[in-house]
A.B. asks: 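Quick one: the structure is below, and I'll ask about it shortly.
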Amino acid sequence: MKDKLLGFGQQLGKAILLPVAILPVAGLLLGISAALSGEAVIETYPILDNTILQAILEIMNAAGSGVFDALPLIFAVGIATGLSKGDKGAAALASVVGYFVLIITVNALLSVTGNLATGDVDPRTLGQGSQFGVMTLQMGVFGGILTGIITGMVHNRFYKIKLPEFLAFFGGSRFVPIMNTFVFLIVGTVMYFVWPLIGNAIASFGELAAGLGTLGAFLYGLLLRTLYLFGLHHVFYLPFWTTAVGGTAEVGGQVYEGFQTIFLAQLSDPETTKFFGNIALFNSGRYFHFMFGMVAVVFAMYKTIPKGPKRKATAGFLLSIGLTSFITGVTEPISFALLFASPILFITEAILFAFSFVVASLANITIGSTFSAGFVEFLLFGVFQGNDKTNFIWVLILGIPIAILYYFVFKALILKLNAKTPGRDDEEITEEEKQLSANYEGGQSAAIIEGLGGLDNITDIDNCATRLRVSVNKADKINTDILKQTGAMNTVVRGKNIQVIYGPKVNNIRTEIDEYIESINK
């Protein structure tokens, strides 16, 4: 059981990296465009009111928004593909079918029970939102992750199924999307009843946090960070943004409710001398986390990769997600990498995020935001507004020691937990290994299968840059001599997880094996 869980965790961690890799570019597009195109921002900075500039920003925003709006489906496809053992295209299609059945089932149940958001009601207040034109419960990325995992399981169970002769056309991988339709009718029904309970609990906690001052800021930050990763944050933060839960203030002779509503009103009011105090409690701490803390986390990830080709190969990815966090405040790539490397790392991030809110509260930093809290918005709503209004100077003064704290905490935890953050895979690929040329000739797939103990012994086949990675039922069935005869330079056995080193030719070898298995299963 332990080996199965370990193997599943490694597969899931690897599968999640594909959709995560999409986020940095989308985050840059969305973050920069959103920060420079808001109505209040243009009114404050008339230089931005340029037709061509705003058209470019609108296109950038549309591209970035498109990716982020589709994140649940992107994660569903990426995870299902990564977890499937064969015929990954069918798994990807099945995940799309499953996700749409999930949200449409929920939509239908909301409609027949009279709970569907209609008219002028903000659907977010009901925990609902539009997903691909379908009004459904706002499950966010969690819905996509759930879909991907379940689809992977369904696919691996049924993609080789043999049906009676008169139904043979629907057998094999064609059966998986069909089966997924019925599975997600059930999943959608379950989520319809379960998800609102979660949302109500979150909203109640928010009302509690609002009255607790600095302690409330810590609780707000802790839950906000935890929920943000799974797309549940709307239910939690919306009352703080738009209702009296987030505070009440008079601006220009008119009373406004909610710290975000108040901030936007103050932003365009020339009489404002200091931004609303609750911004220090419920918003400004994000600047510490996104601009300093998460950049330090990325540096800790980099420094914990052993020196060599892996560190060099991973540096570009880490640099991109670090810059995205700093510039735009988009941190999902980092948070997902932490979560799937070890839940302890993500829990630590959530706690330090909440700690940042406490620091901002104590320093009375009142920097608002619109999209997120990266460097662009720090300049717009902090520096350019003046220190008297915002106390922005304390972000610069305290940001460095906070970054140092994050760095040492995460470096120590990654090493202590031996967490598989990007670049810290089990196998050590050396420069020598990357340069080796396996003595492999085509047409040896049958021999490789035999060396791995036969098809019945193999539960999964994958590969990295230089190694064939195989999960087996019984490690003692592995015949390293046969594998060596096929051109393998070495075979590493770690429990039921086998790594056969072929060098850079491994991609071609993996393709031949997949084709061979498919041919004998027809």
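Position 1 is the first residue of the sequence, and the numbers go up from there.
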A.B. asks: Check the orientation of Phe259 and Phe282. Use parallel for under 30°, tilted for 30 to 60°, and perpendicular for over 60°.
C.D. replies: tilted

A.B. asks: Working note: Leu380 + Val376, criterion side-chain contact (heavy atoms from CB on, under 4.5 Å); need CA distance, chi angles, decisive distance, verdict.
C.D. replies: CA-CA 6 Å; Leu380 291 174; Val376 174; 4.2 Å; yes

A.B. asks: Without hydrogens or angle criteria, can the side chains of Asn180 and Thr151 be said to hold a donor-acceptor pair below 3.5 Å?
C.D. replies: yes

A.B. asks: Pick out which of Met291, His289, Met294 makes a side-chain contact (heavy atoms from CB on, under 4.5 Å) with Ser325.
C.D. replies: Met294

A.B. asks: Check side-chain contact (heavy atoms from CB on, under 4.5 Å) between Asn364 and all other residues, then give those that pass, not counting sequence neighbours.
C.D. replies: Lys274, Ala280, Thr366, Asn391

A.B. asks: Does any non-hydrogen side-chain atom of Ile402 lie less than 4.5 Å from one of Tyr407?
C.D. replies: no

A.B. asks: Only counting residues at least two apart or in another chain, list the ones meeting side chain to side chain donor-acceptor pair (under 3.5 Å) with Asn115.
C.D. replies: Thr113, Tyr192

A.B. asks: Taking salt bridge (charged side-chain N to carboxylate O under 4.0 Å, His left out) as the cut-off, I'd like each qualifying pair that reaches into residues 341-354, sequence neighbours left out, listed once.
C.D. replies: Arg225-Glu349

A.B. asks: Evaluate the side-chain proximity of Leu83 to Met153: yes if any heavy-atom separation is below 4.5 Å, no if none is.
C.D. replies: no

A.B. asks: With sequence neighbours excluded, what pairs up with Ile344 under the side-chain contact (heavy atoms from CB on, under 4.5 Å) test?
C.D. replies: Ser342, Thr348, Leu417

A.B. asks: Can you sort out the partners of Phe410 under ring-ring contact (aromatic ring centres under 6.0 Å, His included), two or more places apart, ordered by chain and number?
C.D. replies: none

A.B. asks: Can you name the closest pair of heavy atoms from Arg424 and Ile414 and give their distance?
C.D. replies: NE-CG2, 3.5 Å

A.B. asks: Rounded to the nearest 0.5 Å, what separation is found between the CG atom of Leu345 and the CZ atom of Phe340?
C.D. replies: 13.0 Å

A.B. asks: Please tabulate, for the side chains in residues 353-361, all donor-acceptor contacts under 3.5 angstrom to protein atoms that are two or more places apart in sequence or on a different chain.
C.D. replies:
from	atom 1	to	atom 2	distance (Å)
Ser356	OG	Leu352	O	3.1
Ser356	OG	Tyr406	OH	3.2
Ser361	OG	Thr214	OG1	3.1

A.B. asks: Return the set of residues passing side chain to side chain donor-acceptor pair (under 3.5 Å) with Gln254 (not counting sequence neighbours), or none when no residue passes.
C.D. replies: Tyr256

A.B. asks: Tell me every residue that passes side-chain contact (heavy atoms from CB on, under 4.5 Å) with Ala363, counting only those two or more places apart in sequence or in another chain.
C.D. replies: Ile365, Trp394, Leu398

A.B. asks: Looking at residues at least two apart in the chain, or sitting in another chain, which of them share a ring-ring contact (aromatic ring centres under 6.0 Å, His included) with Phe408?
C.D. replies: none

A.B. asks: Taking the side chain as C-beta and beyond, is there a heavy-atom pair between Met301 and Thr314 under 4.5 Å?
C.D. replies: no

A.B. asks: Apply ring pair (Phe, Tyr, Trp, His ring centres under 6.0 Å) to the pair Phe263 and Phe275, showing each step before the final yes or no.
C.D. replies: CA-CA 7 Å; Phe263 165 68; Phe275 286 120; 5.2 Å; yes

A.B. asks: According to side-chain contact (heavy atoms from CB on, under 4.5 Å), who are the partners of Ser130, at least two apart in sequence or on a separate chain?
C.D. replies: Met135

A.B. asks: Nearest heavy-atom pair of Leu318 and Pro422: which atoms, and what distance?
C.D. replies: CD2-CB, 4.3 Å

A.B. asks: Parallel, tilted or perpendicular: which one describes the rings of Phe326 and Phe375, with boundaries at 30° and 60°?
C.D. replies: parallel

A.B. asks: Please set out all donor-acceptor pairs under 3.5 angstrom arising from side-chain atoms of residues 72-79, sequence neighbours excluded.
C.D. replies:
none

A.B. asks: Tell me whether Asn497 contacts the main-chain N or O of Ser471 through its side chain, where contact means a donor paired with an acceptor under 3.5 Å.
C.D. replies: no

A.B. asks: Sequence neighbours left out, what passes side chain to side chain donor-acceptor pair (under 3.5 Å) with Ser95? Give chain and number order.
C.D. replies: none

